[in-house]
Protein chains: 2
Amino acid sequence: MSQPDLSYKDKKVISIGTVSELTGLTLRQIRYYEERKLIAPYRNESGTRKYSFTDIETLMDIADKREDGVQTTEILKELRLKEKKRESEMDVKKKMLQGQLNAQFKQGRGRS
Amino acid sequence: MSQPDLSYKDKKVISIGTVSELTGLTLRQIRYYEERKLIAPYRNESGTRKYSFTDIETLMDIADKREDGVQTTEILKELRLKEKKRESEMDVKKKMLQGQLNAQFKQGRGRS
DNA sequence: CGTGTAAGGAATTCTGACACG
DNA sequence: CGTGTAAGGAATTCTGACACG
């Protein structure tokens, strides 16, 4: 057990100043996109925001869209779509496992 | 071109407070291990230390060793060894590429 | 040697608000 | 709607030093 934390990409550990440097966005913009639900940083005990590399990628995506004049509301919809995609990809994997398990333990069942 | 930055693990973006939480080490300890050259955080313009996930792994390694009573000098040596290993692993990959390139462009060469 | 702590200062981040368009 | 900015405060980080063992 204990995989060596492959999910560094999703660990929320980067503070907003660093995110600003990495994305080129101002603190104001980053906080505003949070207000509009485009991102959801973690908040530590004292209220400081912490972001993941994934958040940073999302922010760079947002920056591009905004440059093209896309409004945050639109961007939000697009982001939700991408989420769906990621989820269904996960589902594929889950279902493959499920299928195997089902095949293993299958038993006759009435449609009740 | 432009691989999507697979090297998140090595990006120095985490501040010392977060590193402290993640490793369980005190700020004092983390700074001291730097003094002893066991780690080398990045320093931003204003002098604030920034660590990578790799640094964090190293620190957890150090914590274990210290609990076993190993001195920082010893730990330093061990760390240098691991570096060597990583380098030679990289070398293997490089050499494989080199080999292919050489095979492609090989030309007779006098021993000068 | 490795770590704790108090000290003073500088840099960071937070929120709510007013401004402009 | 999206972003800038000044405001006041709280939390973070930094360094050098004294302490203990």
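Numbers restart at 1 for each chain; the letters A, B, ... are given by sequence-line order, proteins then strands. Keep in mind the model is a prediction, meaning the values are calculated, not measured.
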Can you measure [X] atom [atom1] to [N] atom [atom2] for me and round it to whole angstrom units?
X: A:Leu59; N: D:dT3; atom1: CG; atom2: C1'; value: 15 Å
X: B:Glu34; N: D:dT13; atom1: CD; atom2: C1'; value: 12 Å
X: B:Glu35; N: C:dG4; atom1: CD; atom2: C1'; value: 14 Å
X: B:Arg43; N: D:dT12; atom1: CZ; atom2: P; value: 19 Å
X: A:Ile14; N: D:dT12; atom1: CD1; atom2: P; value: 18 Å
X: B:Glu21; N: D:dT12; atom1: CD; atom2: P; value: 8 Å
X: A:Arg31; N: C:dG16; atom1: CZ; atom2: C1'; value: 12 Å
X: A:Ile30; N: C:dT12; atom1: CD1; atom2: P; value: 14 Å

Would you indicate, yes or no, if [N] has its OP1 or OP2 atom less than 4.0 angstrom from a side-chain nitrogen or oxygen of [X]?
X: B:Tyr32; N: C:dG2; answer: yes
X: B:Tyr33; N: C:dT3; answer: yes
X: B:Arg36; N: C:dG2; answer: yes

Side-chain contact, heavy-atom cut-off 4.5 Å: B:Ile14 with B:Lys50? no
Quick check: on DNA chain D, is the nucleotide nearest A:Ser46 upstream (toward 5') of the one nearest A:Gln71, or the reverse? Name the residue that is more 5'. A:Gln71
On DNA chain D, check which nucleotide each of B:Arg28 and B:Thr48 is closest to and give me the residue with the more 5' one. B:Thr48
Salt bridge check, B:Lys77 against B:Glu74: does any charged N sit closer than 4.0 Å to a carboxylate O? yes
Salt-bridge criterion met for A:Glu87 and A:Lys82 (N-O under 4.0 Å): no
Toward the 5' end of DNA chain C, by each residue's nearest nucleotide, B:Leu27 or B:Glu45: B:Leu27
With a 4.0 Å cut-off on heavy atoms, is [X] in touch with a base, just the backbone sugar-phosphate, or nothing at all?
X: A:Ser15; value: sugar-phosphate
X: B:Arg66; value: sugar-phosphate
X: B:Thr26; value: sugar-phosphate

Taking the six-membered ring for Trp, are B:Tyr8 and A:Phe53 closer than 6.0 Å centroid to centroid? yes
Steps toward side-chain hydrogen bond (donor to acceptor under 3.5 Å, both in side chains) verdict (B:Thr54, B:Asp10): CA-CA 6 Å; B:Thr54 300; B:Asp10 288 315; 2.7 Å; yes
Starting at CG of B:Asp91, measure out to NZ of B:Lys85 and round the result to the nearest 0.5 Å. 15.0 Å
If a pair means Watson-Crick or G-U wobble with both distances below 3.5 Å, what does DNA chain C look like in dot-bracket form, with | marking bases paired to a different strand? |||||.||.|.|.||.|||||
Trace of the side-chain hydrogen bond (donor to acceptor under 3.5 Å, both in side chains) decision for A:Thr58 with A:Asp55: CA-CA 5 Å; A:Thr58 302; A:Asp55 289 330; 5.2 Å; no
